[in-house]
Amino acid sequence: MENNQTNTGNATVDIAYRRKKNAEEMRHQVITFTLMIFLTIVAFVAVGAGMSGWFTVPFILLLAAVQVAFQLYYFMHMSHKGHEAPALFLYSGLLVGLITILAFVTIVWW
Amino acid sequence: MHAEEKMTLEKWPASPEKQTLEAKNKFLGFWLFLGGETVLFASLFATYLALKDKVPGPDHALAKDLFEIPLAFLMTMLLLTSSITSVYAMYHMKNFEFKKMQLWLGITVALGLAFLGCEIYEFYHYVHHYGHTFTSSAFGSAFYTLVGFHGAHVVFGLAWIITLMVRNAKRGLSLYNAPKFYVASLYWHFIDVVWVFIFSVVYLMGMVG
């Protein structure tokens with residue numbers, strides 16, 4: 001347990017330091033959240049404005065990918081240390097998933 | 001330090017969700033499960049994309065007739081907001097503030113229930129006004145399977161979080177239950193990840209045509 005504590009030998013100082021760190025991280029999370037809301041609104045406005053599908057479809061898919069990266073790396077902490085195995089699992093799943101989607105879509109559309 | 005030890009603020013570690021061996025195993029196993037869930041949802045998305053607007057006759061409603069911006073936007077905002085409230089709950093968990101964590105988990109649950117209410121209304125509306133049902137077309141089957149599977153995940157996630165909140169209401173935080181709360185919040189975020197693709201691929205792309 002000791003190696004995971006920030007040890008100055010003074011419990012009050014440690015707690016104050018960690019609370020400050022946690023509060024700082026929480027502020028970053030709120031900024032991420034604001035960006036996600038913004039991206040969502042942009043995507044809905046792009047569709048609501050009735051622009052050509054050749055522009056809107058790739059555009060909203062790009063916004064979705066950015067938003068999912070925010071979720072995974074900030075809200076789900078994949079940017080933190082010790083997430084090598086989760087990244088391996090998730091990207092393996094994603095690889096299989098994308099191949100499945102590609103296969104289905106090419107079979108049907110061509 | 002063992003899992004059942006009575007905790008105090010002074011003893012509470014920086015990463016309470018990964019202190020015990022059980023917690024580390026839970027964390028690893030849960031991410032493996034999420035990798036599998038990714039494949040599950042990808043295959044449902046693939047099916048939906050392949051069968052979108054495949055209806056037996058011209059009198060059947062298509063995606064662009066069904067979906068409306070206001071409801072999809074409201075549902076997206078509800079679920080997205082419930083994601084940040086569960087981040088806030090985990091922030092309080094790390095600070096050993098049990099009551100505040102419970103409060104923010106409660107807000108998360110309320111937002112999730114509101115989302116679910118919207119979805120039930122939406123399905124009801126499609127069935128009664130458009131005759132768009134599970135068996136009316138291949139499009140209907142693919143749509144209800146994909147969106148319904150996500151809805152079922154929301155139901156399961158809500159049941160999970162509520163159970164944890166009730167079971168631990170009088171226990172307070174410990175190294176035994178902190179990983180349980182943490183993993184439940186990861187699951188909740190994953191539901192939101194899937195929804196981001198549902199609102200983009202099903203609703204927005206459906207409205208584009």
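Proteins come first, then strands; the chains are lettered A, B, ... in the order of their sequence lines, and each starts at number 1.
- Salt bridge A/E25/A/K20: absent, no basic N to carboxylate O contact under 4.0 Å.
- Looking at A/Q67, only its side chain comes within 4.5 Å of chain B, counting heavy atoms on both sides.
- Most heavy-atom pairs under 4.5 Å with chain A: of the set B/S83, B/S43, B/G35, B/S185, this distinction falls to B/S83.
- Both the backbone and the side chain of A/A23 come within less than 4.5 Å of a heavy atom in chain B.
- When heavy atoms are compared at a cutoff of 4.5 Å, A/I37 approaches chain B by way of both its backbone and its side chain.
- For the set B/I84, B/L186, B/L9, the count of heavy-atom pairs under 4.5 angstrom toward chain A peaks at B/I84.
- Using cut-offs of 30° and 60° on the angle between ring planes, the pair B/W31 and A/H83 is perpendicular.
- Among B/F41, B/F27, B/F30, the residue with the largest count of heavy-atom pairs under 4.5 Å with chain A is B/F27.
- Taking B/L51, B/V193, B/L40 one by one and counting their heavy-atom pairs under 4.5 Å with chain A, the maximum is reached by B/V193.
- Heavy-atom distances place no part of A/S92 under 4.5 Å from chain B, backbone and side chain included.
- One finds the CG atom of B/L66 at 5.5 Å from the CZ atom of B/F139 (value rounded to the nearest 0.5 Å).
- Note on B/F96, B/F45, B/F199: by heavy-atom pairs under 4.5 Å with chain A, the leading option is B/F199.
- For a residue to count as touching a neighbouring chain, one of its non-hydrogen atoms must lie under 4.5 Å from one of that chain's; by this rule A/L61 touches chain B with the side chain only.
- We find that B/K94 and B/E17 are joined by a salt bridge, their nearest charged nitrogen and carboxylate oxygen being less than 4.0 Å apart.
- The candidate from B/Y203, B/Y48, B/Y182 with the greatest count of non-hydrogen atom pairs under 4.5 Å with chain A is B/Y182.
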